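Worksheet: one structure, shown below.
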Amino acid sequence: MKINRGYLISKFIRLINRPALRNCYIDRTSKVGTGSNCIAVQMGRYSYMGKNNSVTNTKIGSFCSIASYCAIGGGDHCKTMISTSPVFVGYKNIFRKNFGHAVPDMHKEVIIGHDVWIGENVFINDGLNIGNGAIIGAHSVVTHDVPPYSIVAGSPAKIIRYRFSPEDVDFIERTKWWEWSEEKLIKNGPFFNSIEDFKGIFN
């Protein structure tokens, strides 16, 4: 069998291109893909993100699925100052120089709930809340809060539909299944195939 050296080299480069994590808490059961850059990120259990993501000042719940090449959160630029350049504020910046010392509020936290699925190449503006169970379609630009269990897509992202009825959403939210122990999840995992099966757990 012929060995493709180029393929092996590219695989090796991916292995050594580890994610960059600063001031982060990533649950031991969660995964962050190669090349991702995370600053001030908290990630709950059994969540993952793919490769080459840029995520800043974000809380990510449990059981979330985040694809590759996403940009979530990050700093803003003050629009009321004379210049939008970072050299006129008091924060550290790429130039390592400050001509001014203003400290405007430009770092708003992103909150991503539990069991959220975010498609590839999604942009999420800072300061937003993404509700539990939401799905964000690939290549979407999210500029407003996303309701729980909604499916949104587009630029800007708009609600396409909801995954379940309001009554079923309320039922799922009240169970808080994402807080269940591993033993309880193993026992009841087969009932996650449909809302009808899931409700059967409690009958």
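Source: prediction; values computed, not measured.
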Rounded to the nearest 0.5 Å, the NZ atom of K187 sits from the OG atom of S181 at a distance of 10.0 Å
What is the distance from atom SG of C70 to atom CG of N52, rounded to the nearest 0.5 Å?
10.5 Å
Residue among F164, F202, Y149 satisfying ring pair (Phe, Tyr, Trp, His ring centres under 6.0 Å) with F171
F202
Would the distance check show the side chain of T56 and the main-chain N or O of A40 forming a donor-acceptor pair, the cut-off being under 3.5 Å?
no
Checking the side chain of S62 only, and the main-chain atoms of E179 only, is there a donor and an acceptor separated by less than 3.5 Å?
no
Where do N132 and E173 come nearest, in terms of heavy atoms and distance?
ND2-OE1, 2.8 Å
All heavy atoms of F198 vs all of T175, minimum pair found to be CZ-OG1, 3.7 Å
N/O donor-acceptor pair under 3.5 Å between N129 side chain and D145 backbone:
no
Heavy-atom side-chain contact between V169 and Y162 under 4.5 Å:
no
Heavy-atom side-chain contact between V55 and M43 under 4.5 Å:
no
Look only at the side chain of S155 and the backbone of S140, and say whether a donor-acceptor pair between them is shorter than 3.5 Å.
no
Between G61 and S47, which heavy-atom pair has the shortest distance, and what is it?
O-OG, 2.7 Å
Report the residue from Y48, F192, W177 that forms a ring pair (Phe, Tyr, Trp, His ring centres under 6.0 Å) with F63.
W177
Heavy-atom donor-acceptor pair, N98 side chain to V89 backbone, under 3.5 Å:
yes
How long is the straight-line distance from CD1 of I60 back to CE of M49, given to the nearest 0.5 Å?
4.0 Å
According to a hydrophobic-cluster definition based on side-chain heavy atoms being under 4.5 Å apart (Ile, Leu, Val, Met, Phe, Trp, Tyr only), do I159 and V142 belong together?
yes
So do the side chains of I160 and I135 get within less than 4.5 Å of each other, counting heavy atoms only?
no
Looking at every non-hydrogen atom in both residues, tell me the closest pair between S36 and K51 and how far apart they are.
OG-C, 3.7 Å
Here's a test for you: under side-chain hydrogen bond (donor to acceptor under 3.5 Å, both in side chains), which of H114, E182, K31 qualifies with Y46?
E182
Report whether V122 and V152 are members of the same hydrophobic cluster (ILVMFWY, side-chain heavy atoms less than 4.5 Å apart, transitive linking).
yes
Heavy-atom donor-acceptor pair, R22 side chain to N37 backbone, under 3.5 Å:
no
Taking a hydrophobic cluster as the set of Ile, Leu, Val, Met, Phe, Trp and Tyr residues connected by side-chain heavy atoms closer than 4.5 Å, whether directly or through intermediates, do I111 and I66 fall within one such cluster?
no
Using side-chain heavy atoms (C-beta onward) and a distance below 4.5 Å, is F88 in contact with I82?
no
With rounding to the nearest 0.5 angstrom, report the CG to NE2 distance, L128 to H144.
8.5 Å
Between S83 and S85 the two heavy atoms that sit nearest each other are OG-N, 3.0 Å
Identify the heavy atoms of G113 and C64 that sit nearest to each other, and give their distance.
O-SG, 3.0 Å
Could you tell me whether the side chain of N53 reaches within less than 4.5 Å of the side chain of I72, counting heavy atoms only?
no
Measure the spacing between CD1 of I118 and CD of E120 and express it to the nearest 0.5 Å.
13.0 Å
Under 4.5 Å between side-chain heavy atoms, hopping through other hydrophobics if needed: is there a path connecting W178 to V41?
no
State whether the number of non-hydrogen atoms from other residues, nucleotides or ligands found under 6.0 Å of K199 atom NZ is greater than 12.
yes
Please answer: with hydrophobic residues joined when any side-chain heavy atoms are less than 4.5 Å apart, are I39 and I112 in the same cluster?
no
CD1 of I151 to CZ of R161, rounded to nearest 0.5 Å, is 3.5 Å
Show, in sequence, the C-alpha distance, side-chain angles and deciding distance for N121 and H139, and conclude whether the side-chain hydrogen bond (donor to acceptor under 3.5 Å, both in side chains) test is met.
CA-CA 5 Å; N121 198 32; H139 308 285; 3.1 Å; yes
In sequence, state the C-alpha distance, the side-chain angles, and the governing distance for I124 and I130, and then conclude on side chain to side chain contact (heavy atoms under 4.5 Å, CB included).
CA-CA 9 Å; I124 299 177; I130 312 300; 4.3 Å; yes
